[in-house]
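See below for the structure under consideration.
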Protein chains: 2
Amino acid sequence: MTAAKNDRLTIRDIAALAGVSAGTVSRAMNGQPGVGAATRDRISAVIAEHGFRVDPTARQLSTGRSRTLGVLFPLHASEVVLHPVYPALLGALGDAAERAGYDLLLLTMSGQKSAHVLDTVSRRRVDGVVLPAAGARDPIIKQLVGLGAPTVLIGHRSKLPGVGWVDCTHDAAATELTQLMISGGRRSLVLLNGPTHVSACKLRSTGFWSAVKAAGIPGAREVSVPFDTAAAAAVALDLLRGPNRPDAIVCASDTIAAGVLETARTLGLSVPDDVAISGFDDRSLAAHTQPALTTVRMPLQETGHAAAHMLFAMLGDEPLTSRHIVLPTQVIVRDSTPRAAR
Amino acid sequence: MTAAKNDRLTIRDIAALAGVSAGTVSRAMNGQPGVGAATRDRISAVIAEHGFRVDPTARQLSTGRSRTLGVLFPLHASEVVLHPVYPALLGALGDAAERAGYDLLLLTMSGQKSAHVLDTVSRRRVDGVVLPAAGARDPIIKQLVGLGAPTVLIGHRSKLPGVGWVDCTHDAAATELTQLMISGGRRSLVLLNGPTHVSACKLRSTGFWSAVKAAGIPGAREVSVPFDTAAAAAVALDLLRGPNRPDAIVCASDTIAAGVLETARTLGLSVPDDVAISGFDDRSLAAHTQPALTTVRMPLQETGHAAAHMLFAMLGDEPLTSRHIVLPTQVIVRDSTPRAAR
DNA sequence: CTGAAAGCGCTTACAG
DNA sequence: CTGAAAGCGCTTACAG
């Protein structure tokens, strides 16, 4: 006799009320076979009347499964990387988890010390882990897999066996934007990319160069900057004042594009006539820049849902169709790129 | 016999290895009195050699306490409000929780439907809840308190009895910035505030007006805009082109200040000579604007730690000094405000 | 179809 | 100072 009594009903209370045994209530609650229809109804009625939620702790001790999903926050990621992705993603994860009866454990990792995260996953018997901003943090990914925890990455197409991921078509979007520039008559192209160790940036680079090569356009360049408006503005100054000024700059984020727009304005260049500019992310600012920014919308909600459901599938709750999902992005054409002239 | 056997050692294994009973191991582990020094050492040695982590699930079932803290994410908050605060705050919360042996449960609430959050807190016996971006969401605050869950708000000074909060001196910072403007000779002041339902914005307003009144300066104005650069730029255009152009604009965020800076540049106004501008938040952009932005740094790490420790104190783990903590902000003077001319 | 019982891994009065 | 035992609230073979 240890834990304090409280007013919560236990499965035994329900059993007594329904005139059956606790085991039968358990079977009925969990939708298991071997409970008579009448008994089932009686139990449902009692639960409906008196209210009863199974104690997840007791269930876990008995089954060994926690019905808990870990969400790993990479706190060392720059604020700018974090920003646009999280709220929508978390909302979708939370919704999916709620619907499936899972709870979410928040795993934070300051720096690279993964020991505590691994310990928590193991102690709490976390059923699976989502890494919403996976990337070059490979050590922990491998360690999680080593622990036997089903792992789903968002935004990083890991080659590790068993690891699932959900990503979107950064490459195709970059290709489409670049083609938009080319079909609008642009011939001096620059990709103002983010940090090249970011998986999404690698894909954007691939997409850019594939369009450039397909069109046989020489002299295209790629420059890498942090996801920072001011830094982008500074680099844009060099580009736009330098020799062979580009007439199209594909930017890897709206924040980068904002810096380029700013510099263009400072230099008195007209957008898109003198230089066409595109962004990525479709953040709220993109619709309000002058001119409004052509950009790419990511399927954030869908990504969160897909990641959650992939995890449920890995846990055997749903059929597992694929461990690797690529969702479509959507190019939003506004006024900062040339009208398709063809 | 239900849960799958695994390789993890139980307290009974340790007890056997140390030649004592499980109860004694439990008492030794938990630092309880009534265990001989020699026994204690032997148990420590065994644990050190073989490794052992107590199963939190079993402990919880026995004690009724989960050693889990809830972190409530307000997903309906705009991305801009969320942004600057979360990573540092979560990191600090995570650190503090880790050190105290607590885990963090991620509570998401899409829209205003709090039922699931309350149910989770109750089912999982969450020991206490932190609301990192509390505000006008009062319904859930009251409901959490009603559940008996110790509750700590960040950024909202609730009047509800029993509710703890950690906030910082938004008001004093606004006063200091305003005085900086006044002592620099500015006499036509505007507070370009954020949404007035945000608690921090109310305090910033208070601080601004208190400085204005103390200096006896007439004609000061306050205008409210969303936390959005483009929206701020539009409002700034009206202000800076209208009659009696302000010579100082105190902005409620760096994003707002960025819009004002942009408009000033567009209009060919010199900052700070024609119009002085200050921000709030000290986001990374603030150091890189042209001119660099005078702004306010929030004690985010300290806030996270304070919130966590207040919760521990409410849970009886630490002495509770106060349920209401106001931490100091720091005004960062850069080049967008007048040099203190006196 | 249903019940009685054992077990999940801890903690904590209760004895001694 | 230490052990034996009961209990936390479930689940699930095992019988019937």
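A, B, ... follow the sequence lines: proteins, then strands. Residue 1 opens every chain.
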> For A:R12 and D:dC10, what is the distance between atoms CZ and P respectively, to the nearest whole Å?
Replying inline: 8 Å

>> When you measure from the side-chain N and O atoms of A:S26 to the phosphate of D:dT11, is any distance below 4.0 Å, counting only OP1 and OP2?
In response: yes

> For the pair made of CZ in B:R8 and C1' in C:dC8, what is the distance, rounded to whole Å?
Replying inline: 12 Å

>> Distance check needed: D:dT11 C1' versus A:I11 CD1, whole Å only.
In response: 8 Å

> Where do B:W165 and B:H324 come nearest, in terms of heavy atoms and distance?
Replying inline: NE1-CD2, 3.3 Å

>> If you go through the side-chain atoms of A:S62, does one of them form a donor-acceptor pair with the base of C:dG7 closer than 3.5 Å?
In response: yes

> A:L9 CG to D:dC10 P: how many Å, rounded?
Replying inline: 10 Å

>> Show the nearest heavy-atom pair for residues A:T108 and B:L90, with the distance to one decimal.
In response: CG2-O, 4.0 Å

> Taking CD1 from B:I47 and P from C:dC10, how many angstroms apart are they, rounded to a whole number?
Replying inline: 10 Å

>> If you only use heavy atoms from C-beta on, which nucleotide in D:dT12, C:dT11, C:dG7 is closest to the side chain of B:N30?
In response: C:dT11

>> Once pairs are restricted to Watson-Crick or G-U wobble with both distances under 3.5 Å, how does DNA chain D read as a dot-bracket string, [ ] for crossings and | for other-strand pairs?
In response: |||.||||||||.|||

> Please give, in whole Å, the distance from D:dG9 C1' to A:D55 CG?
Replying inline: 6 Å

> Does a side-chain N-to-carboxylate-O contact under 4.0 Å join B:D55 and A:R125?
Replying inline: yes

> Got a sec, which residues hit salt bridge (charged side-chain N to carboxylate O under 4.0 Å, His left out) with B:D41, two or more places apart in sequence or on another chain?
Replying inline: none

> Is a side-chain N or O of B:R42 found less than 3.5 angstrom from the main chain of B:A37, in a donor-acceptor match?
Replying inline: no

> Closest heavy-atom contact between B:R27 and B:R40?
Replying inline: O-NH1, 4.4 Å

>> Which heavy atom of A:I154 sits nearest to which heavy atom of A:A307, and what is that distance?
In response: CD1-CB, 3.8 Å

> When the distance from CZ of A:R53 to P of D:dC10 is rounded to whole Å, what number comes out?
Replying inline: 12 Å

>> Give me the atom names and distance for the closest heavy-atom approach of B:D127 to B:S66.
In response: OD2-OG, 3.4 Å

> With rounding to whole Å, what would you report as the distance between D:dG16 and D:dT12 at their C1' atoms?
Replying inline: 16 Å

> So B:H309 and B:F312, would you call those rings parallel, tilted or perpendicular, with 30° and 60° as cut-offs?
Replying inline: perpendicular

>> Please determine whether a side-chain nitrogen or oxygen atom of B:Q32 lies at a distance below 4.0 Å from atom OP1 or OP2 of C:dT12.
In response: yes

> Within this structure, what is the CZ-to-C1' distance between A:R67 and C:dC8, rounded to whole angstrom?
Replying inline: 18 Å

Sub-3.5 Å pairs of nitrogen or oxygen atoms, protein against nucleotides 2-4 of chain C:
{"unit_1": "C:dT2", "atom_1": "OP1", "unit_2": "A:T39", "atom_2": "OG1", "d": "2.4"}
{"unit_1": "C:dT2", "atom_1": "OP2", "unit_2": "A:G36", "atom_2": "N", "d": "2.6"}
{"unit_1": "C:dT2", "atom_1": "OP2", "unit_2": "A:T39", "atom_2": "OG1", "d": "3.0"}
{"unit_1": "C:dG3", "atom_1": "OP2", "unit_2": "A:S21", "atom_2": "N", "d": "2.9"}
{"unit_1": "C:dG3", "atom_1": "OP2", "unit_2": "A:S21", "atom_2": "OG", "d": "3.2"}
{"unit_1": "C:dG3", "atom_1": "OP2", "unit_2": "A:T24", "atom_2": "OG1", "d": "2.9"}
{"unit_1": "C:dG3", "atom_1": "N7", "unit_2": "A:R27", "atom_2": "NH2", "d": "2.9"}
{"unit_1": "C:dG3", "atom_1": "O6", "unit_2": "A:R27", "atom_2": "NH1", "d": "3.3"}

